Number of protein chains: 2
Amino acid sequence: MVKMTLEDVAREAGVSLATVDRVVNGRNGVHARTIERVNAAIKLLGFHPDQHASRLARGRDYDFRIILPTGENEFMQALDAEFRATRERQLQERVRLSIQYVDTFDGEALAAALERLPSSIDGVAVVALDHPAVTEAINALADRGVVVLTLVSDVPNSRRAHFVGIDNYAAGRTAASLIGRFVGPRKGKVGMIAGSLALRDHVERQFGFEQVISREYANLEVLPVREARDENARVETVSRSLLRDHPDLVAIYNAGGGQAGVVAALEATGRVSDVIFVAHELTASTRRHLVRGTVDALINQDVGHMARSTARILTALREGRPIVPGQEHIRIDIFLRDNMP
Amino acid sequence: MVKMTLEDVAREAGVSLATVDRVVNGRNGVHARTIERVNAAIKLLGFHPDQHASRLARGRDYDFRIILPTGENEFMQALDAEFRATRERQLQERVRLSIQYVDTFDGEALAAALERLPSSIDGVAVVALDHPAVTEAINALADRGVVVLTLVSDVPNSRRAHFVGIDNYAAGRTAASLIGRFVGPRKGKVGMIAGSLALRDHVERQFGFEQVISREYANLEVLPVREARDENARVETVSRSLLRDHPDLVAIYNAGGGQAGVVAALEATGRVSDVIFVAHELTASTRRHLVRGTVDALINQDVGHMARSTARILTALREGRPIVPGQEHIRIDIFLRDNMP
DNA sequence: CTGAAAGCGCTTACAG
DNA sequence: CTGAAAGCGCTTACAG
């Protein structure tokens, strides 16, 4: 299999290099008949464009913006760190990532940030609140030809090109199955804590969780979900009240952050060993609690994978190339003490 | 941050392009003083070489060989399919993968295949038996400057550059924890089936599995491991005898292939619901059994990830670039019915 | 709607 | 041990 170049295609089709380039990259201003002739030659010769030559010739780097929430959420900080690492590596690939921090919980502020993006931008990935102003801003960008990706929490009704994150509904179901299985035949109550029900991801987790418990584990009863804003102190307060009010509490699922709060409450009340605790996100601290057994299982979305995937998808879509679905699918990782990375 | 080129470095260091290239790529025949001057300029300017230009200029494609086992093992066929898909994509990246099939269980044959590799080859990834002749062949290649990767099953005492696969010891421990948790307080026997104890991966799984069960689940007793060559029929025979001989069998762990054999035995004896079954590898058929509940949990290594990772690692090491550990780590996936991809 | 030419930032012989 | 020049396979203005 000899490698074919644009040159070969041009010769075969009887046109110039520039024209073949136009056809290959779908630029307009080419006669339909010419397009056909070129495509025939491409097919005949089995031509595949050379990525490296193309990126080199283009000269300009791609300019992508990543919008992350302000605040001290441990998960978001881990994601931020991975984006920084990816940014350094992508510099050698002619891709420029710039990271911007916005109060994601404020729909108007987020929409304004999106609207203020320089017109030279090639694409943007955003941790988005599902809010009408945000949807509008995303659609406006998409209409301008900017590639828009949603990160972690989706805005499915917008014209974003892709969502980088897990199926949170399935994550909630997974948590439920783990708890159902680990609790075994015991009867009792299950407490669920979320960060905020304003973000779509936690709502979806709640929905999946309650569905599986109620449908498959008749011995368990899910208590009304409590919001705790991903803050350790609030999570601890909520956990303590759950433990106090329900002597028959057999499990806790914290779908948000602030896992240390649950741990503190479990330890203070001496109920570590009889209450199953399923948490989200592998961090230095959840890892430790998993090893000790305070956390029984962890559900994780790999922040490194998400950052790398975001960069790849932005670039591929910008270049009009297809993405590799299997490579970009963010898994719902289940970690027990034994299979942590 | 302006983008710096070799040209800029050459000017700053007062040498030619060719000399900077020599330093950047560690080619020899450069005076120590010159090397220092060039490195100083690189540091001063914050120069990063342009991957695309370099791959383009090199002209020649990389030529990598993938050696997979002959036979009809479903997992290996899935891996093969992923390598074929990766091969097509890599063509556009100036990387050529060729796939070769060898009887991996025959150490001498495998070693001979490795020795017969054309000298023009840039790297090889091999599903390797841990056998003295194989180790020798791997070391000979490594000494010749060929990048050698082991795939799926490692040969840790060889000079292979990297192992692409999971920590099988941890995978065995994970299976044990899942079974211990899912069985709950019931007392009983646990059957373990392996493909072959000649391959290192299954031995490691066995070791990890037995360790965790014996150390942490006093209510469970692991029966002597049975080999069944990853064949459905053999696996079914073994499973039937386990079920017949042990009315108190509470779980089965099949560390190898042939999962359909376990399913058939469980269904025939009507013990699907009281025997926990943990299996390996997500395939069309294990997926179905997981949904139905015959398989309680699946441990998986992502074949798509392995194929892509292999290509990336071969290329990076061949170019003397560092790999990104987080990206290349093959996870021990745990799949319940709820979090399958 | 189409083409000729310059150039992207490296590597590769070749010469000295 | 070092350098000058050609070339990798595209894209980008510019011209017509």
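Naming: A, B, ... by sequence-line order, numbering from 1 per chain. Predicted model, so just to flag it, every value in this text is computed and none were measured.
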Is there a donor-acceptor contact under 3.5 Å from the side chain of B:Asn25 to the main chain of B:Arg27? no
Could you spell out the base pairing of DNA chain D as a dot-bracket line? Use Watson-Crick and G-U wobble contacts where both distances are under 3.5 Å, [ ] for crossing pairs, | for partners on a different strand. |||.||||||||.|||
CZ of B:Arg58 versus P of C:dA13: gap in Å, rounded? 11 Å
Interface with DNA chain D, restricted to residues 312-322 of chain B and to heavy atoms under 4.0 Å: none
Enter the distance from B:Asp333:CG to B:Asp302:CG here, rounded to the nearest 0.5 Å. 6.0 Å
Just how far, in rounded Å, is P of D:dC10 from CD of B:Glu93? 13 Å
I'd like to know if the side chain of B:His305 and the backbone of B:Gln327 have a donor-acceptor N/O pair within less than 3.5 Å. yes
Between D:dC10 (P) and A:Glu7 (CD): distance, integer Å: 9 Å
When rounded to whole Å, the CG to C1' distance for the pair A:Asp50 and D:dG9 reads 6 Å
Please check the phosphate of D:dC1 (OP1 and OP2 only) for any side-chain N or O of B:Arg33 closer than 4.0 Å. no
Is the phosphate of C:dG9, meaning OP1 or OP2, less than 4.0 Å from a side-chain N or O of A:Arg94? yes
note: A:Leu56, atom CG; D:dG7, atom P; distance rounded to Å ~ 17 Å
Check step by step if side-chain contact (heavy atoms from CB on, under 4.5 Å) holds for B:Asp130 and B:Asp154. CA-CA 7 Å; B:Asp130 193 357; B:Asp154 195 12; over 6 Å; no
Does a side-chain N-to-carboxylate-O contact under 4.0 Å join A:Asp63 and A:Arg96? no
Output yes when a side-chain donor or acceptor of A:Thr310 lies under 3.5 Å from a complementary backbone atom of A:Met306, and no otherwise. yes
Whole-Å distance, A:Asp8 CG to D:dC8 C1', equals 13 Å
Has B:Arg55 got a side-chain atom pairing as donor or acceptor with B:Glu93's backbone, closer than 3.5 angstrom? yes
Is there a side-chain contact between B:Arg55 and the phosphate of D:dG9, meaning an N or O under 4.0 Å from OP1 or OP2? no
Between C1' of C:dC1 and CZ of A:Arg27, the distance in whole Å: 15 Å
Please write out the pairs of protein N or O atoms and N or O atoms of nucleotides 2-6 of chain D separated by less than 3.5 Å, giving the distance to one decimal.
residue	atom	partner	partner atom	Å
D:dT2	OP1	B:Thr34	OG1	2.4
D:dT2	OP2	B:His31	N	3.0
D:dT2	OP2	B:Thr34	OG1	3.3
D:dG3	OP2	B:Ser16	N	2.9
D:dG3	OP2	B:Ser16	OG	3.3
D:dG3	OP2	B:Thr19	OG1	2.9
D:dG3	N7	B:Arg22	NH1	3.3
D:dG3	O6	B:Arg22	NH2	2.4

Atom-pair distance (NE2 on A:His52; P on D:dG9), nearest Å: 12 Å
Given side-chain contact (heavy atoms from CB on, under 4.5 Å), test A:Phe83 with A:Leu151 step by step and report yes or no. CA-CA 12 Å; A:Phe83 269 114; A:Leu151 258 178; 3.8 Å; yes
Please identify which of these residues, B:Leu79, B:Val126, B:Val152, B:Val127, meets the side chain to side chain contact (heavy atoms under 4.5 Å, CB included) condition with B:Pro69. B:Val127
May I ask you to decide if A:Glu136's main-chain N or O and A:Asn139's side chain share a donor-acceptor pair within less than 3.5 Å? no
Would you say the side-chain atoms of A:Thr315 pair up with the backbone N or O of A:Ala311, donor to acceptor, closer than 3.5 Å? yes
